[in-house]
Amino acid sequence: MIEKRRNEPLFRRHPNNPILRASDWPYPVHSVFNPGATRLRDGTTLLLCRVEDRRGMSHLCAARSQNGVDGWVIDEQPTLWPDPENHPEELWGIEDPRITFVEELGKYAVAYTAFSKGGPGVALALTEDFRHFDRLGLVMQPDDKDAALLPRRIGGDFVLLHRPMTSDAGAHMWVSGSPDLRNWGHHKLALPARKGGWWDANKVGLSPPPIETPRGWLVLYHGVRQTASGSLYRLGAALFATEAPEQCIRRGDGWIFGPEAPYERAGDVGNVVFPCGYTLDGDAIHLYYGAADTCVALATGSISDILAWLDGHGSD
Ligand code: BMA
């Protein structure tokens, strides 16, 4: 049945958007987008931004702010630069980081896309301070991207969500396990792309790292709609069982956030909102996203509102 109510927006865009652009950078860059995000122990918001240079290659650069909105202090030099000599998988750059603090290690795990000769794969690095990084190398071979680690082990294993490409069968979200972050197995399909006319048909992928709620892992994921004028990247929501993160217990029907503002509609790749991170203040979620593969923007929502929306707009 068609609802008579208008769609209530679940995310409010910040009036300062875009909050970070290439022109803010202390060194020459082409574009700044798709940042991972975390709140450091001292309350600082850290964004690990994907920065594209004028060769077309990406590296990662940290920007820190006391209020998460302005006053950004950006590293004078790239924070994590591709290292193809020691890590050939990084030959053509590193992209789209997702940050998870892993209590057991006392470290942040950064899952990012390493663009190798064989295509994009998933790499992991550990850091305590976002100044020194220990690379673990490629943990999922090409083509695979859109990965994040869960903050703790489940059933004895670390858990990685990721999105392998499986030729014409579509691109779906998978969950894998590892005892040591190096050897991965127990691969399970978690969220298949839908088919036909759906907004999330054929290609989905994890957006920011899953959010633990009393009802399960709240997963914000992107769906890619192919249209006559290119791809449309929008954000949906699904809930997964706390102790079995491959088990979807509820999936929203429509998208909850999509390109509408001019800086999301137009840019290097128009019609893209691409969140890779958030910070939380109680129930409030501050979502940091790349807009049109060009700049960084911020939108705020409420976890309980998203869960309530899932109850009214989803299926089991
Ligand atoms: C995806 C990723 C993102 C990018 C998006 C839109 O495949 O590569 O980095 O933002 O496409 O171009």
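Only a predicted model underlies this, so the values are computations on that prediction, with no experimental measurement involved. Atoms within each ligand, like the ligands themselves, are counted from 1 in listed order.
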Exercise for review: Name the closest protein heavy atom to atom 3 (C) of ligand 1, giving the residue it belongs to and the distance to 0.1 Å.
Suggested key: Asp96 OD2, 3.2 Å
Practice item. Take the angle between the ring planes of His162 and His187 and call it parallel below 30°, perpendicular above 60°, tilted in between. Key: perpendicular
Check your understanding: Counting both backbone and side chain atoms, is some N or O of Lys203 under 3.5 Å from an N or O of ligand 1?
Key -> no
Check your understanding: If you measure from each non-hydrogen atom of Thr113 to ligand 1, which part falls under 4.0 Å: side chain, backbone, both or neither?
Key -> neither
Review point. Is the closest basic N to carboxylate O distance between Arg55 and Asp53 below 4.0 Å?
Key: yes
**Study point:** Top protein contact for atom 7 (O) of ligand 1, by heavy-atom distance
**Key:** Tyr233 OH, 3.3 Å
Exercise for review: Among Asp200, Asp253, Asn202, find the one that has a side-chain hydrogen bond (donor to acceptor under 3.5 Å, both in side chains) with Arg194.
Suggested key: Asp200
Review point. Any side-chain donor paired with an acceptor under 3.5 Å for Ser207 and His222?
Key: yes
Exercise for review: Please identify which atoms of ligand 1 are closer than 4.0 Å to at least one heavy atom of Lys145.
Suggested key: 2 (C), 7 (O), 8 (O)
Point to revise | Exam field: side chain Asp316 to backbone Arg250, donor-acceptor pair closer than 3.5 Å | key: no
**Study point:** Side chains of Asp283 and Ser304, donor plus acceptor under 3.5 Å
**Key:** yes
Review point. Tell me: protein heavy atom nearest atom 6 (C) of ligand 1, and distance?
Key: Asp293 OD2, 3.5 Å
Review point. Just which atoms of ligand 1 are under 4.0 Å from any heavy atom in Phe274?
Key: 3 (C), 10 (O)
Check your understanding: Is ligand 1 under 4.0 Å from a heavy atom in the side chain of Glu95, in the backbone, in both, or in neither?
Key -> neither
